Student: 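Just passing along the structure, written as structure tokens.
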Amino acid sequence: MEKITLKIQRFDGNKQWIDEYQVDIDDRTTIIEALMKIHDTQDPSLSFRVQCRAAICGTCGVKVNNEKHVLACKTKIKEHLQNGEILIQPLSNMPVIKDLVVDHKEFLDKLKDAKAWFEPQEEFQPVYPEDLQKFDKETDCILCGICYSICPAFEMDKDFGGPINFVKIFRFWKDKNDALKDQRIVIADQNHITSCVHCKYCTFSCPKQIPVEQDIMQIEFYGKQKGIIKQQQEGFGGFSTPFGF
């Protein structure tokens with residue numbers, strides 16, 4: 001066992017501060033295990049989200065050392081220690097309710113705007129393995145919000161739908177039994193897809209290794225070819241090209 005200092009960004013609705021806790025860990029101790037130990041033995045006022053503890057529910061996303069965005073249940077503390085310390089903060093781009101608990105309302109409302117669900121067509125076509133391969137990785141999305149949290153495009157365009165919207169749009173656009181077809185591309189345009197700066201932070205941070213930026217690139221390139229997606233939102237965007245380089 002090794003004693004480390006776990007720093008946690010706290011928030012009580014009015015003020016923000018950092019609390020420090022001494023915790024014994026081993027090579028396999030996860031962030032969520034350390035948070036639960038602190039809550040149970042040191043500070044019952046500490047608030048955070050945890051459910052499945054198996055990287056399935058997506059509720060335990062946090063920011064580590066003011067840089068990485070991870071699922072606390074699958075991330076080992078030793079991988080992120082800096083001089084025997086680690087800083088845990090709430091996810092970005094979402095209002096903080098208390099401590100590490102953030103408000104998902106805006107994030108979920110944008111998903112509703114993107115119609116992030118399957119719209120079945122009247123006549124179903126047979127589905128083969130090669131059909132499923134087109135959106136296989138996208139079905140792994142657990143709505144954790146990490147890609148939404150790390151996305152810098154919101155700094156320039158608050159109406160940007162967010163990476164997760166375009167993962168969902170891509171998944172159903174590629175499903176030949178979805179009734180909306182290219183209407184999904186229209187929805188992507190309404191979600192300001194051209195404000196994506198193609199930084200790939202979403203892809204690098206996704207705990208399920210979904211090629212998020214690649215999905216955005218495909219939608220945007222197809223939409224512009226078909227004349228469905230307008231050019232860059234005026235005043236927004238960064239170094240994006242149709243190929244994401």
Side-chain angles (χ1 to χ4, degrees), residues 49 51-52 55-61 69 71 91-94 102-121 124-125 127 131-154 157-224 226 228-230 233 236 240 242 244:
R49 283 195 175 105
Q51 289 187 38
C52 73
I56 295 173
C57 70
T59 61
C60 65
H69 294 64
L71 293 178
L91 292 178
S92 306
N93 290 330
M94 288 177 269
V102 296
D103 188 349
H104 290 163
K105 185 180 186 305
E106 182 178 286
F107 163 65
L108 294 174
D109 284 346
K110 286 185 176 182
L111 276 172
K112 293 175 186 176
D113 291 341
K115 296 190 176 180
W117 54 80
F118 180 64
E119 291 278 2
Q121 60 184 13
F124 263 48
Q125 301 178 48
V127 176
D131 297 319
L132 296 175
Q133 287 174 4
K134 295 177 182 178
F135 53 86
D136 181 59
K137 283 304 297 180
E138 287 70 22
T139 62
D140 290 339
C141 177
I142 57 175
L143 303 177
C144 65
I146 285 176
C147 64
Y148 189 95
S149 171
I150 203 169
C151 181
F154 292 110
D157 184 0
K158 295 298 183 184
D159 294 323
F160 181 60
I164 192 171
N165 279 20
F166 305 115
V167 167
K168 293 298 182 181
I169 287 170
F170 181 91
R171 180 259 178 270
F172 296 117
W173 172 51
K174 288 295 185 179
D175 191 325
K176 64 183 182 182
N177 283 305
D178 185 77
L180 295 186
K181 307 299 182 188
D182 279 2
Q183 181 63 27
R184 297 279 181 192
I185 311 301
V186 175
I187 293 171
D189 183 50
Q190 293 168 348
N191 275 256
H192 292 202
I193 191 171
T194 56
S195 289
C196 173
V197 297
H198 297 283
C199 61
K200 301 183 188 288
Y201 291 167
C202 49
T203 298
F204 297 149
S205 299
C206 178
K208 295 299 182 179
Q209 291 80 53
I210 298 171
V212 186
E213 189 269 344
Q214 182 177 308
D215 293 348
I216 294 173
M217 182 176 64
Q218 286 193 49
I219 294 169
E220 187 177 351
F221 187 54
Y222 174 88
K224 286 179 177 178
K226 296 292 184 179
I228 300 172
I229 291 179
K230 299 184 285 291
Q233 297 291 331
F236 300 126
S240 64

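Reckoned from all heavy atoms, side chains included, excluding hydrogens, waters and symmetry mates. Just so you know, these numbers come straight off a predicted model, no measurement behind them. This chain uses plain numbering: 1 for the first residue, then up along the sequence.
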Student: Only counting residues at least two apart or in another chain, list the ones meeting ring-ring contact (aromatic ring centres under 6.0 Å, His included) with F135.
Tutor: none
Student: Search all heavy atoms of D103 against all heavy atoms of M94 and return the closest pair with its distance.
Tutor: O-CB, 3.6 Å
Student: For Y201, does the OH atom have more than 12 heavy-atom neighbours from other residues, nucleotides or ligands under 6.0 Å away?
Tutor: no
Student: Are the side chains of I169 and I193 in contact, using a 4.5 Å heavy-atom criterion?
Tutor: no
Student: Do Q214 and F170 have side-chain heavy atoms sitting under 4.5 Å apart?
Tutor: no
Student: Would you call the rings of F118 and F172 parallel, tilted or perpendicular if under 30° counts as parallel and over 60° as perpendicular?
Tutor: tilted
Student: For A188 and F166, work out which heavy atoms get closest and say how close.
Tutor: O-CE2, 3.7 Å
Student: Quick one: does any side-chain atom of S92 pair with a main-chain N or O of I150 as donor and acceptor, under 3.5 Å?
Tutor: no
Student: Give me the atom names and distance for the closest heavy-atom approach of V212 to T203.
Tutor: N-OG1, 3.3 Å
Student: SG of C144 to CG of L91: how many Å apart, nearest 0.5 Å?
Tutor: 8.0 Å
Student: Which value, rounded to the nearest 0.5 Å, describes the distance between L180 atom CG and I185 atom CD1?
Tutor: 10.5 Å
Student: Sequence neighbours excluded, which residues qualify as side chain to side chain contact (heavy atoms under 4.5 Å, CB included) partners of Q125?
Tutor: Q121, K176, N177
Student: Between NZ of K181 and CG of D175, what distance do you get to the nearest 0.5 Å?
Tutor: 7.5 Å
Student: Got a second to check how far K224's NZ is from E220's CD, nearest 0.5 Å?
Tutor: 4.0 Å
Student: Go through the steps for Q190 and I187 under the test side chain to side chain contact (heavy atoms under 4.5 Å, CB included), then give the verdict.
Tutor: CA-CA 5 Å; Q190 293 168 348; I187 293 171; 4.2 Å; yes
Student: For I219 and I229: C-alpha separation, side-chain torsions, deciding distance, then whether side chain to side chain contact (heavy atoms under 4.5 Å, CB included) applies.
Tutor: CA-CA 9 Å; I219 294 169; I229 291 179; 4.3 Å; yes
Student: Once you round to the nearest 0.5 Å, how far does CG of D113 lie from CG of N191?
Tutor: 6.5 Å
Student: For residues C202 and C147, report the shortest heavy-atom separation together with the two atoms involved.
Tutor: CB-CB, 3.7 Å
Student: What closest approach, in Å, do D178 and W117 show between heavy atoms, and which atom pair accounts for it?
Tutor: OD1-O, 4.3 Å
Student: Over 60° means perpendicular and under 30° means parallel, so classify the ring planes of W173 and Y222, tilted if in between.
Tutor: tilted
Student: Treating T59 as the side-chain partner and R49 as the backbone partner, does any N or O pair qualify as donor plus acceptor under 3.5 Å?
Tutor: no
Student: Determine whether a donor-acceptor pair (N or O, by modelled atom type, separation under 3.5 Å) exists between the side chain of K110 and the backbone of F160.
Tutor: yes
Student: Which pair of heavy atoms, one from D215 and one from E138, lies closest together, and at what distance?
Tutor: OD2-OE2, 2.7 Å
Student: Got a second to check how far D182's CG is from R184's CZ, nearest 0.5 Å?
Tutor: 11.5 Å
Student: Under the criterion side chain to side chain contact (heavy atoms under 4.5 Å, CB included), which of C206, S149, C151 is the partner of H69?
Tutor: S149
Student: Flag the pair K112 / D109 as yes when at least one side-chain heavy-atom distance between them is below 4.5 Å, and no otherwise.
Tutor: yes
Student: Is there a donor-acceptor contact under 3.5 Å from the side chain of K208 to the main chain of A55?
Tutor: yes
